[in-house]
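Every chain is numbered from 1 and lettered A, B, ... according to where its sequence line falls, protein lines coming before strand lines.
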Number of protein chains: 2
Amino acid sequence: MSSPFRKIKGGVGAPKGFLTSAVSAGIKNPEATRLDMALIYSQHPCVAAATFTTNRVKAAPVRVSQAHMRDRDVQAILANSGNANACTGVKGVQDARYCAKTIAKGLGLRQGQVAVCSTGVIGLPMPMVRVEPKLPELVEKLARKQGTEVSQAIMTSDTTNKEIALSMDIDGHKVRIGACAKGAGMICPSMATMLCFITTDANIGKENLNKSVQEAVENSFNRITIDGDMSTNDTVVVLANGQSGMPRIKRNSKACRLFREALNVVMLEMAKSLVRDGERVTKFVTVEVKGARTYNDAKKVAEAVANSSLVKSSWNGNDPNWGRIIHAVGYSRASIREELIDIHIGGKPACLGGLESDTSMEDLRKVVSEDQFTITIDLHLGSAEYCVYSSDLSPEYIDFNRSEYAYWKQARKDGLTQQ
Amino acid sequence: MSSPFRKIKGGVGAPKGFLTSAVSAGIKNPEATRLDMALIYSQHPCVAAATFTTNRVKAAPVRVSQAHMRDRDVQAILANSGNANACTGVKGVQDARYCAKTIAKGLGLRQGQVAVCSTGVIGLPMPMVRVEPKLPELVEKLARKQGTEVSQAIMTSDTTNKEIALSMDIDGHKVRIGACAKGAGMICPSMATMLCFITTDANIGKENLNKSVQEAVENSFNRITIDGDMSTNDTVVVLANGQSGMPRIKRNSKACRLFREALNVVMLEMAKSLVRDGERVTKFVTVEVKGARTYNDAKKVAEAVANSSLVKSSWNGNDPNWGRIIHAVGYSRASIREELIDIHIGGKPACLGGLESDTSMEDLRKVVSEDQFTITIDLHLGSAEYCVYSSDLSPEYIDFNRSEYAYWKQARKDGLTQQ
């Protein structure tokens, strides 16, 4: 069966009726020329859905955007990298609101129709002196075919920009969906330091879009883990403007299933690309759990294994250490029976019934020496399954995360901090 | 007020009526001459109490010792390093039972009076060919004043042996308590790859000893974390033989309080020494949480901060990164209000009311550059407190844990594995 989706170019700029722009404001470093602010705008009214970090410490733009999402349908997204505007108090919220208001005025929208998203260092005020002059410029530069620049402007420690766009045929109409994302550090289930923006010209109602987005996030971004940390800024925003000309998608229709599948494909592709580009990651590891008594048990086991520093260190060393895997299974708090547990590494049995198999260590080493492999854990207690996308943990990750001191030095130069 | 306790020499051999021995069996490496098996024996009947790993994958010796503790009062402890005898199935349990039985025969005890404890690599059978001939030797070599050798024989990746002994005066009788412990990797709340043996000549009933041990473990070993992993073999065993000549300790008496305090001091000292000697650890960090609504909330916050890879990496880099600390507070699932959170680093305010303080970054850097400091997090929501003893996470830790492949090669030479 051939896929119903065709990959197309243009990322979030690909769907009909969306304009984008990106500029360089030097938020983190005034001398830098890389893009660090972006705007996504639908020329027509939109239906919007979003999910936000579950961290109880929320960045100012998350609070502001959450309120805007409740208020009315968002039609534009302003994003920046270099500063998370988190732990910045009342001033942070004022800054985020000011940005939304200024963009809204430029676009002829209400303030509540602009979502604001930030990613970068926590605890430093936004350098508004450099941000403010760029807001009108972002509005002026809005144009078609600039979607890729948005994916570049939201990068932080990402080494590559991440975007995708698909087109599909629904009821004889060409429908497009585009996405960009950024990740790198602090990637963990239940959302991460992660921004993902999705645009589509599909015609879908608010409730249906909400449900579709929640399901797709659960199957993608909530299943990835790099370092077990969860950020203050994670946000997924989806805008649907109906400009494909298709009739409204009905619940449970063939069109609905096709649209949801497209949304799943797009989010899963973005989520996997975040893991692959995790900070100093060398391996992409799928941890599959099956035979669990309950869905929650399967999830607990998969997450315990995928988050274990010892397991992740062993992958970094090409060590097919199933002993460390089974010990993580043991402390996961799921129902297990040690003597029933099978562990396969790249399809080869490493542990059968809780004991070592007779697969040679060399064969298992060959698998974990590759840059992508799957660990399958069968608990043989039921039929529930779960899967997590994980990575190794490298000495270089720690080294990379040892200090953000340089940011503070710049912030002091900017007069933004006394510390 | 002067301490009621005097430090004395001799570790687990210090209390009256305890004999110890240690030998070199070459468990991990037949050519090595380091001590790797030890025996602790009370010449008189004992009251015993123990706590074991909560990992659902339990090593064979843990299962065997748990059964023996239920059976009757243990009077001897056999311990080895180099092999954990975990995930070794029926054969592992047979091996552990065989060892207990052989030692019991040599000492004129029943099998159920000997506890067995193992630490080392998971998933490989015990090299009984080297272990078996050493069992009679351990019994023959039993003597006074050899306690320190026990602490050496249980070391794995520990860089120093860990022991302590105190004497105190209870009701005019000199009472002694001695301990040894090993730790290094996989240290996490709710027990760790950790063995701790405690001997005392205090006279205490079984129920009272059990309660005292549980309380002391809760305040010490369950509050330490190095890498968030929890092992299959953790065990604390306490033997009390009453040979000090003191009358039986009554519940809620002054003698009871003094004994419990001594047990707390000894366990806390051992627990802290495990963190200090954690794999490639360079800093000892106390994470104090106060002002929480509930004890559980305080615990969640302390553990989230103390286990965050990003927070621990920043300590390694001498970076007083309170932004990462507050983000861990946020995802801890405790009740918090961001705008009330104060964070002090070494007593200096770093974050007040959720915002940066005016303490200079240099002052804060000075604190986290030291090899020991305290992070205090005040949630200002109640009066519950908790504290965890943690460490930094170094690139060298990952490097150190990348591969245990060498063990497998030796095991194959020994004919113990086909892998």
Worksheet item: If you round to the nearest 0.5 Å, how far is CG of A/Leu393 from CG of B/Leu393?
Response: 7.0 Å

Worksheet item: Is it the backbone or the side chain of A/Ser335 that comes under 4.5 Å from a heavy atom of chain B, or both, or neither?
Response: both

Worksheet item: Looking only at heavy atoms, what is the nearest atom pair of A/Lys58 and B/Glu338, with distance?
Response: N-OE1, 3.3 Å

Item to complete: Mind ranking B/Ile336, B/Val329, B/Asp363 by heavy-atom pairs under 4.5 Å with chain A and telling me who comes out on top?
Response: B/Ile336

Worksheet entry | Interatomic distance, A/Ile325 atom CD1 to B/Cys87 atom SG [nearest 0.5 angstrom] | 11.0 Å

Fill in: Main-chain N/O of B/Ala334 paired with A/Arg56 side-chain donor or acceptor, under 3.5 Å
yes

Worksheet entry | Heavy-atom pair with the smallest gap, counting every atom of A/Val57 and B/Ile326 | CG2-O, 3.3 Å

